[in-house]
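I have placed the structure first, in the form of structure tokens, so that the comments after it can refer back to it.
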Amino acid sequence: MSDSNIFRNLNEQQVAACKIVEGPLLILAGAGSGKTRTITYRIAYLISHGISPENILAVTFTNKAAEEMKERIYKIVGPVANKITMGTFHSTCSRILRKHAELIGYTKNFVIYDEKDTLNVIRKIIKEMDLPLESFAPKKIRRIISKYKREFIKPEMVAGGYNPNTLKIATVYSRYVKFLFRNNAMDFDDLIGKTVELMRKCPEIKEYYNEKFQFILVDEYQDTNRMQFELIKLLGDKYKNVCVVGDDDQSIYSFRGADIENILSFDKIFANTKIIKLEENYRSTKNILEAASNVIKNNVERKGKTLYTDWKEGEKIELIDGYSSMEEANLVMERIKSLVAKGTKAGDVAILYRINALSRVFEVAAQKYRIPYVVVGGTRFFERAEVKDILAYLKTIVNPRDNVSLMRVINTPPRGIGKKSMELLELEAAMKGVSLLKMLANLENIDMPSRAKEAFRNFYGIYGDIKKESEGKGVKEIMEIVLNKTAYIDKMYNTTSPEDMSKMENIDELLNSAEEFDSLTETPTLEEYLNQISLFTDIDAWKGKSDRINMMTVHGAKGLEFDTVFIVGAVDGLFPHINNIDSDSKIEEERRLFYVAMTRAKERLYISYSHVRDFRGSIMPSIVSRFVKEIPEKLMKEEKKLHVRTLNEFPTENVSNELAIHPVFGKIRILKIVGKGDGKRAYIALENGEKKWVLVKYAKLKFLEE
DNA sequence: ACTATGGATCTTTTT
DNA sequence: GATCCATAGT
């Protein structure tokens with residue numbers, strides 16, 4: 001294949017980016033500038049110029065993106081595409097670590113703890129240390145620990161500083177690290193951090209991977225963190241053939257440690273970096289692109305670039321405003337109905353929101369209007385209790401040292417093992433320095449009530465049976481063995497309650513996923529299954545275009561595009577989110593997020609908001625997002641010019657009277673007031689007889705603000 | 001030991 | 001509104 005033939009679909013800059021084979025390369029690719037196409041062709045170009053696909057590493061943001069890219073390269077170069085190493089940072093690192101786990105004191109079958117697992121560990125440690133939960137909120141501590149890890153700060157390196165709690169947190173951190181190690185477990189940060197550690201510690205391993213991955217490509221580079229950059233530096237140390245692709249305007253993961261500095265300083269770390277800008281947008285109409293550009297230009301912290309398009313002007317942006325979020329959702333659905341009637345395919349429509357909680361009201365509306373929909377993300381499938389239960393059984397089989405999983409299943413379904421007995425077992429295990437499972441094998445030597453002992457023996461018997469019967473079986477079969485031996489479904493759920501029915505459906509879905517794994521994987525081991533699903537996201541599972549409208553968060557929509565996009569809940573406090581309005585840099589990230597949302601749209605963009613919104617079971621007034629006001633009015637549909645209601649359009653009577661006016665419900669009667677402080681609630685009766693609970697704090701706030 | 005109930009707290013986004 | 005947790009009752 002000649003070069004001109006390969007590149008007939010690319011513009012000048014894109015071709016240039018493909019042809020720079022050697023040395024560090026930074027591609028600044030604006031939204032919709034054909035970034036994926038460019039890197040796909042670049043890899044194809046490398047291969048057609050004699051570079052062995054085994055020597056190429058491509059790191060993407062999601063597993064799905066990796067799969068898609070592989071498919072696209074396959075179409076150009078054929079089956080050799082399968083020899084390229086492609087995956088997310090986490091999956092790539094996990095693969096490397098499984099090969100060399102012993103070198104850092106782990107075994108190959110280490111487990112990966114998810115958010116909830118790690119939170120349980122931290123909660124346990126905090127309790128053991130007798131620390132007050134108010135100042136040591138587990139979630140907060142985990143955030144801090146994660147940050148330390150990302151910055152390679154070991155527990156012993158944490159400096160006391162002015163905060164007396166810092167040293168205590170360092171102790172929690174230290175215990176946490178040891179706990180995971182003893183359990184042969186890693187968290188998400190460890191996957192990257194330990195790989196870096198491995199490379200630093202073992203020069204021969206580093207040398208091996210430097211030779212193996214002579215050509216490295218990193219997609220969505222703007223969302224990498226320091227630790228990931230460190231890894232890239234190590235991997236690309238010998239040949240410096242590192243190509244990174246990113247857009248500073250689309251950096252939306254700073255909460256996960258993404259550091260825009262990685263883009264800004266790339267050419268300082270890698271000498272002689274070539275830089276290419278892709279500024280022609282092939283996705284959106286002129287109107288949409290201009291609107292998005294006008295929003296993002298309000299950011300100060302950006303490299304600055306101008307996107308342009310040859311596309312048609314297209315339709316104007318339409319605003320939709322409802323009084324309540326329910327009305328907003330209904331209006332959106334009405335709009336979708338009429339679009340579909342005019343020929344738009346439901347699968348080409350996306351509803352994007354800032355937070356998952358918003359999906360609910362739109363789901364209800366979609367049902368009401370009989371519009372088929374799919375919600376991507378939200379409560380993740382593999383984190384549901386019933387799914388985690390089954391998986392925990394599998395984890396204890398693979399990794400007998402995993403105490404977190406063992407504790408989850410030891411009394412699930414209930415078999416008479418209570419808190420007291422558990423404490424006794426843990427104490428014995430800790431004293432002897434062995435895992436809980438080892439302790440179960442040596443029950444005879446422990447002094448405990450015979451009833452408890454019998455219950456433990458019972459569990460250990462079941463565990464042994466499962467383990468024995470599982471040998472050589474496929475994952476689905478093993479799951480069925482677990483379900484049978486434990487009588488899990490019969491004991492936990494009944495067929496009359498709708499909640500239990502949905503749980504059983506989830507278990508069915510889990511069995512299906514295992515079956516799919518068994519049939520699609522060359523060597524379907526339990527280890528590999530657990531590894532895959534622990535790094536799996538709902539976006540990965542999303543099958544893409546179907547005949548249903550798509551609902552997801554803006555974060556989830558990153559990298560995707562749709563003919564028609566509805567940005568919903570465009571209200572100050574939600575988008576930008578209330579937690580991020582107190583500093584300029586946080587607002588700028590929210591604005592980038594809004595920009596990402598806008599630039600997902602190809603043909604039609606709708607933005608909806610409401611004048612009142614639900615908040616924690618209560619209701620408060622809301623005003624349209626400041627970002628919407630940054631869109632020039634000339635780009636909006638005439639009849640729907642921005643109607644901004646201010647807070648003082650709402651009645652502001654004092655709620656503490658026995659007969660009071662509520663800003664939303666109008667005339668109300670207060671029936672009773674309960675709770676104190678922030679949690680203080682009033683039970684009110686509306687004029688139509690309906691009764692509701694509201695948070696007094698917000699009722700009050702509304703009055704104070706005006 | 002297990003289950004039902006009420007209270008406190010909270011969600012931002014995710015590999 | 002939902003979920004997680006502690007407590008009281010069985």
Side-chain angles (χ1 to χ4, degrees), chain A residues 59-66 87-94 112-116 119-120 123 127 133-134 137-139 143 146 150 186-192 220 223-225 227-228 251-258 352-361 376-380 382-383 385 411-422 449 451-452 455 491 499 534-540 552-558 569 573-581 586 589-590 592-594 596-597 614-619 674-681 692-695:
Chain A
V59 187
T60 57
F61 197 73
T62 62
N63 294 300
K64 187 184 164 66
T88 61
F89 271 101
H90 293 86
S91 68
T92 308
C93 286
S94 155
I112 299 166
Y113 281 175
D114 69 14
E115 208 105 314
K116 278 192 181 141
L119 218 51
N120 283 336
R123 200 172 286 131
K127 270 187 195 155
L133 277 162
E134 301 85 63
K139 273 194 178 162
R143 249 203 328 272
S146 171
R150 290 197 307 258
M186 296 198 198
D187 62 20
F188 286 129
D189 295 319
D190 286 336
L191 292 175
I192 321 280
E220 308 283 10
D223 286 322
T224 55
N225 61 35
M227 196 162 65
Q228 290 164 331
S251 168
I252 55 174
Y253 277 92
S254 73
F255 68 91
R256 220 169 67 187
L352 307 182
Y353 34 78
R354 175 69 237 277
I355 60 169
N356 280 308
L358 225 59
S359 77
R360 178 157 229 100
V361 63
V376 186
T379 27
R380 285 194 248 322
F382 288 108
E383 282 178 17
N411 198 37
T412 319
R415 47 175 78 90
I417 299 172
K419 215 173 140 194
K420 276 262 144 52
S421 324
M422 228 22 239
R451 261 178 85 128
K491 285 192 183 157
E499 289 94 34
S534 57
L535 300 172
F536 210 74
T537 71
D538 279 29
I539 291 283
D540 296 328
M552 64 188 87
T553 62
V554 183
H555 283 92
K558 176 191 158 98
L574 254 190
F575 205 170
H577 194 272
I578 184 95
N579 295 2
N580 295 343
I581 52 176
K586 283 178 180 172
E589 174 140 328
E590 292 286 315
R592 288 195 291 272
L593 197 55
F594 201 82
V596 167
D614 304 287
F615 184 75
R616 288 186 191 165
S618 170
I619 290 191
V674 292
K676 55 179 191 295
D678 286 1
K680 196 170 182 180
R681 282 148 189 265
K692 266 198 176 297
W693 283 102
V694 293
L695 276 173

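As a basis for the values below, the full set of heavy atoms in this structure was taken, side chains included, without hydrogen atoms, waters or symmetry mates. From a predicted model like this one, the values you see are computed outputs, not experimental measurements.
Within the 4.0 angstrom heavy-atom criterion, only backbone atoms of the sugar-phosphate kind lie near A:K139; the bases stay farther away. Residue contacts shown for A:R451 are absent, as no nucleic acid heavy atom lies under 4.0 Å away. Within 4.0 Å of A:T62, counting heavy atoms only, lies no atom of the nucleic acid at all. When heavy atoms are screened at a 4.0 angstrom cut-off, A:F89 is found touching no nucleic acid atom at all. At the heavy-atom level, A:I417 lies under 4.0 Å from the strands shown only through sugar-phosphate atoms. Note on A:R592: nothing from the nucleic acid sits closer than 4.0 angstrom, heavy atoms only. Among the protein residues, A:D189 comes within range of no part of the nucleic acid, since none of its heavy atoms lies under 4.0 Å from any strand.
Projected onto DNA chain B by closest heavy-atom contact, A:R415 and A:A357 fall at different nucleotides, the more 5' of which corresponds to A:R415. The nearest heavy atom of DNA chain B to A:Q228 and to A:P414 marks one nucleotide each, and the one closer to the 5' end goes with A:P414.
A close approach under 4.0 Å does occur between a side-chain nitrogen or oxygen of A:N356 and OP1 or OP2 of B:dT13. Considering only side-chain N and O atoms, A:R354 lies nowhere under 4.0 angstrom from the phosphate OP1 or OP2 of B:dT11.
Using C1' as the reference atom, B:dT12 and C:dC5 are 23 Å apart when rounded to the nearest Å.
Aromatic ring orientation, A:F536 versus A:F382: perpendicular (interplanar angle above 60°, classes split at 30° and 60°).
Atom CG of A:L119 and atom OH of A:Y113 lie 13.5 Å apart (nearest 0.5 Å). Distance check, rounded to the nearest 0.5 Å: CG of A:L574 to CZ of A:R354 gives 9.0 Å.
Both thresholds, 5.5 Å between centres and 30° between ring planes, are met by A:H577 relative to the base of B:dT12, so the two rings are stacked. Both geometric conditions, a ring-centre gap below 5.5 Å and a plane tilt below 30°, are not fulfilled together for A:F255 over the base of B:dT12.
At a threshold of 4.0 Å, the pair A:E589-A:K586 does not count as salt-bridged, since none of the basic side-chain nitrogens sits closer than that to a carboxylate oxygen.
In this structure, the side chain of A:D223 engages the main chain of A:I252 through a donor-acceptor pair within 3.5 Å.
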